[in-house]
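Notes follow once the structure below has been shown.
As the structure is a computational prediction, the values presented were derived from the model and not from experiment. In what follows, chains are A, B, ... by sequence order, proteins preceding strands, each numbered from 1.
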There are 2 protein chains.
Amino acid sequence: MSLDQTDRRILRVLQKTGRISNADLSEAVNLSASACHRRVQRLEADGYIRDYVALLDARKLNVPTTVFVEITLSGQADEVLDAFEKAVSRIPDVLECHLMAGTADYLLKVVAENTDDFARIHRQYLARLPGVAQMQSSFALRTVFKTTALPV
Amino acid sequence: MSLDQTDRRILRVLQKTGRISNADLSEAVNLSASACHRRVQRLEADGYIRDYVALLDARKLNVPTTVFVEITLSGQADEVLDAFEKAVSRIPDVLECHLMAGTADYLLKVVAENTDDFARIHRQYLARLPGVAQMQSSFALRTVFKTTALPV
DNA sequence: TTTCAAACGGAAGAATCTTCGAATACTGTC
DNA sequence: GACAGTATTCGAAGATTCTTCCGTTTGAAA
């Protein structure tokens, strides 16, 4: 099964305003409310729509600082990777963790109050991660833009 | 004005399931429906809650590949940065753009169908960005985890 | 043209939201 | 401790929205 233009329009709208009423959504995509509702349910059931979430303001919540951390492990054995990933996933300040090709093994996206707070996170969590050979942190001075909306 | 424990619980829930009914949310945080509703409205009005969005499945939508692109500009003049940022913000496949401290000037998060598709994005958009002195792309082999939920 | 399956629209009951007034809990002052 | 003033709570009810049902339309294949 695949997506037609109407499905894509629905997804584009929901990626921007996930709490739009079904009536308004149906109008935005030129469908009746019932037909629109059926399509949304199908998109949810088929897994195209993973979740609906609230996006919070990082400044207001006092975590305006983003840091990217490149990590090289001491080995490539599965046990080393698994142990590392398991430990990383428990750190609440780490929002993303990617296994990378190239020099570094992992790239982490971390949020913090400020540099001091990142020092705490580093000391409390990052420095204790298992199997780490090298770690390099890069601070974002400013987030130019950021979206969760995939190209559809 | 600041957040008490109930506010934080509300935010934690909404970050996970942004479409929870107010009745269920009020139960989850031990409030009456009306009191809960008032708090959510305040959190929205005060800007703690930015948006409600649907998160889509990148695999299902055929953009399973994430690439991080480090870019160094040829100069640091405001006009150079502004022109660069303006041009980057028009590329639909770029989900994030951060101005960085350290060696590279910018870090971009890009999604693509596969490596060939990234080559297209590179040729069509990235290679044409103004003021670029150097560019290095790092492919993610696998996204270990990813969340939009800030620590609250 | 006929048939069939898929998708559609409109209507109605069920669920939910949103707002109101009255009651309760907190806070600072005397 | 008593008091006043403010902020926050609760429960109820009207307004809105969701969800399902059923008859109709559409489009593709025989």
Side-chain angles (χ1 to χ4, degrees), chain A residues 1-63 113 147-152, chain B residues 1-63 113 147-152:
Chain A
M1 72 140 287
S2 69
L3 303 176
D4 63 16
Q5 273 310 108
T6 302
D7 288 324
R8 292 179 191 280
R9 271 208 296 273
I10 290 175
L11 292 178
R12 274 196 291 272
V13 172
L14 289 178
Q15 277 195 123
K16 295 291 179 189
T17 70
R19 258 197 161 172
I20 190 174
S21 77
N22 184 63
D24 289 349
L25 177 60
S26 68
E27 191 173 354
V29 301
N30 284 324
L31 273 185
S32 71
S34 58
C36 183
H37 184 254
R38 244 192 313 272
R39 277 179 183 256
V40 172
Q41 280 193 323
R42 191 178 52 106
L43 291 167
E44 289 171 359
D46 291 349
Y48 288 93
I49 298 174
R50 264 192 176 297
D51 272 319
Y52 297 91
V53 302
L55 298 182
L56 307 186
D57 187 306
R59 280 218 170 69
K60 285 264 184 186
L61 286 162
N62 206 25
V63 284
E113 286 181 33
T147 180
T148 57
L150 303 176
V152 177
Chain B
M1 70 141 287
S2 70
L3 303 176
D4 63 16
Q5 272 311 109
T6 302
D7 289 324
R8 292 179 189 280
R9 272 209 295 273
I10 289 175
L11 292 178
R12 274 196 290 272
V13 172
L14 288 179
Q15 277 195 123
K16 296 290 179 188
T17 70
R19 259 198 161 173
I20 189 174
S21 77
N22 183 64
D24 289 350
L25 176 59
S26 67
E27 191 173 355
V29 300
N30 284 325
L31 274 184
S32 70
S34 58
C36 183
H37 183 254
R38 180 195 301 281
R39 277 178 184 257
V40 171
Q41 279 193 323
R42 191 178 52 106
L43 291 168
E44 289 171 0
D46 291 350
Y48 288 94
I49 299 173
R50 263 192 177 297
D51 273 317
Y52 297 91
V53 301
L55 299 181
L56 307 187
D57 188 307
R59 278 218 173 68
K60 286 265 183 184
L61 286 162
N62 205 26
V63 284
E113 285 181 33
T147 180
T148 57
L150 303 175
V152 177

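Not one N or O on the side chain of Asp57(A) forms a donor-acceptor pair closer than 3.5 Å with the backbone of Tyr48(B).
Within the 4.5 Å cutoff, the side chain of Val40(B) has heavy atoms near those of the Leu25(B) side chain.
Salt-bridge annotation for Asp7(B) and Arg42(B): present, with a side-chain N of the basic residue lying under 4.0 Å from a carboxylate O of the acidic one. The residues Asp4(B) and Arg39(B) are annotated as salt-bridged, a charged nitrogen and a carboxylate oxygen being separated by less than 4.0 angstrom.
Here dC18(D) presents its P atom at 18 Å from CZ of Arg39(A), a figure rounded to the nearest Å. For the pair Leu3(B) CG and dA7(D) C1', the computed distance is 16 Å after rounding to whole Å.
In this structure, Lys60(A) places its NZ atom where more than 12 heavy-atom neighbours from other residues, nucleotides or ligands lie under 6.0 Å away. Residue-environment remark: CZ (Arg19(B)) exceeds the threshold of 12 foreign heavy atoms within 6.0 Å.
Residues forming a side chain to side chain contact (heavy atoms under 4.5 Å, CB included) with Thr148(B) (at least two apart in sequence, or on another chain): Val53(A), Leu55(A), Thr148(A), Leu55(B).
One finds a side-chain N or O of His37(A) lying less than 4.0 angstrom from the OP1 or OP2 phosphate oxygen of dT19(D). For Gln41(A) and dT20(D), the shortest distance from a side-chain N or O to OP1 or OP2 is below 4.0 Å.
Note on Arg38(B): a base of the nucleic acid sits closer than 4.0 angstrom, heavy atoms only.
Shown for residues 8-34 of chain A: residues whose heavy atoms fall under 4.0 angstrom of DNA chain C, namely Leu31(A), Ser32(A), Ser34(A).
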Can you check side-chain contact (heavy atoms from CB on, under 4.5 Å) on Leu11(A) and Leu61(B), steps first, answer last?
CA-CA 10 Å; Leu11(A) 292 178; Leu61(B) 286 162; 4.0 Å; yes
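When DNA chain C is scanned 5' to 3' for any atom under 4.0 Å from a heavy atom of chain A, the first and last hits are dA7(C) to dG10(C).
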